There are 2 protein chains.
Amino acid sequence: MNPIKNLRVTPQRRVILEELRKVRSHPTADELYEMVRKRLPKVSLGTIYRNLDLLSSEGIIQKVQAGNSQMRFDGNPHPHIHICCTNCGRVADVHSGPDTAALCREIDTDFTILSCNVLVYGVCPEC
Amino acid sequence: MNPIKNLRVTPQRRVILEELRKVRSHPTADELYEMVRKRLPKVSLGTIYRNLDLLSSEGIIQKVQAGNSQMRFDGNPHPHIHICCTNCGRVADVHSGPDTAALCREIDTDFTILSCNVLVYGVCPEC
DNA sequence: GTATTTGCAAATACTTTGCAAAACC
DNA sequence: GGTTTTGCAAAGTATTTGCAAATAC
């Protein structure tokens, strides 16, 4: 874990990352809080938020803003497309589709492009 | 205005829509509140929120979630790509680039696709 | 030993909601 | 006249922050 900086390896940080990497569900901060709490019952929600923020700004995980009011988190930092169910809010990865780096090249703008984010809305098989 | 439903034409609603259509800045609810307040000093922020919600669910305007914590609004309901400055938060339209409907067709998923949203991050000329 | 991190609780930021009065058609 | 909409204020939801104690290195 610790590719950069003065990021100390605390049990909280380690467990947060382990739990996040275990799932493919793109959990919200409070879902992750419940997951981590099973292993570290005294962890606080503030610690979850602080670490998710830190880990994502270090590029170790990624934040996913998917329509809902709550931020979601993805243990896979590699850019990829997400699809969000408009009915149940579930967020899934899209395994194949357009390459976001290629999309960037098609954009006509006077901004200096940094990244290109694709969020698809749809209805999941369960809904 | 009033394409559908029992949407009454109140001064508040009319001015909110007029002000939103006047600008290309994708204002937040409170920015729009200030704009509307110049013409209707007694308008309340709650009314702004309620109308923006209504107008967007009727497809008359659109909500734009652009990285920041605040929702932004676009008087142009036609789907198009937005670009958001990571430095100042400004949101602009992308005038030409990939067609989002075409992108949808490239997506490989077991969801039933409804729409495809592209949000580009970059640095604006001013920053 | 010292800087970072934690838990706790309070604070913040944005948005939504309940309700009675006002306005629209 | 009846239903929708408004203003106001209070509540709600998600997230951030201050601080002293605890911990990592």
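Source: prediction; values computed, not measured. Letters A, B, ... mirror the listed sequences (proteins, then strands); counts begin at 1.
- Checking the phosphate oxygens (OP1, OP2) of C/dT5, no side-chain nitrogen or oxygen of A/Thr47 falls inside 4.0 Å.
- The separation between A/Leu55 atom CG and C/dT5 atom P is 10 Å, rounded to whole Å.
- Within the shown strands, C/dA21 is the pairing partner of D/dT5 under the Watson-Crick or G-U definition, both distances less than 3.5 Å.
- Rounded to a whole Å, the CG atom of A/Asn51 is 8 Å from the P atom of C/dT5.
- When side chains are defined from C-beta on, A/Arg13 counts as touching A/Leu54, because their heavy atoms get closer than 4.5 Å.
- The 12-atom threshold is exceeded at NZ of A/Lys22, counting heavy atoms of other residues, nucleotides or ligands nearer than 6.0 Å.
- Take the nearest nucleotide of DNA chain C for B/Arg50 and for B/Gln12: the residue whose nucleotide is more 5' is B/Arg50.
- We find that A/Glu18 and A/Arg39 are joined by a salt bridge, their nearest charged nitrogen and carboxylate oxygen being less than 4.0 Å apart.
- No hydrogens or angles considered: a donor-acceptor pair under 3.5 Å links the side chains of A/His26 and A/Asp74.
- Looking at A/Met35 and A/Leu20, their side chains never come closer than 4.5 Å, going by heavy atoms from C-beta outward.
- Between the B/Asp53 side chain and the B/Tyr49 main chain, no donor and acceptor come within less than 3.5 Å of each other.
- Between B/Gly46 and B/Gln70, the residue whose closest nucleotide on DNA chain C is further toward the 5' end is B/Gln70.
- Here A/Asn68 does not reach the OP1 or OP2 of D/dT13: none of its side-chain N or O atoms lies under 4.0 Å away.
- For DNA chain D, the residues of residues 28-45 of chain B within the heavy-atom distance limit of 4.0 Å (strictly under) are B/Lys42, B/Val43, B/Ser44, sorted by number.
- Atom pair A/Ile48:CD1 and C/dC8:P shows a separation of 12 Å (rounding to whole Å applied).
- Along DNA chain D, the nucleotide closest to B/Ile16 and the one closest to A/Pro11 are compared, and the more 5′ of them pairs with B/Ile16.
- C/dT6 atom C1' lies 12 Å from atom CZ of A/Arg8, rounded to whole Å.
- Straight-line distance from the CG atom of A/Leu54 to the C1' atom of D/dA24: 15 Å, rounded to whole Å.
- The distance between atom CG of B/Leu7 and atom P of C/dC25, rounded to the nearest whole Å, is 11 Å.
- When the side-chain nitrogen and oxygen atoms of A/Tyr49 are compared with OP1 and OP2 of D/dT15, one or more of them lie within a distance under 4.0 Å.
- Regarding B/Leu52, its CG atom lies at a distance of 15 Å from the P atom of C/dC14, rounded to whole Å.
- The ring of A/His80 has its center no closer than 6.0 angstrom to the ring center of A/His78.
- Counting to the nearest Å, the C1' atom of C/dT15 and the CD atom of B/Gln65 are 13 Å from each other.
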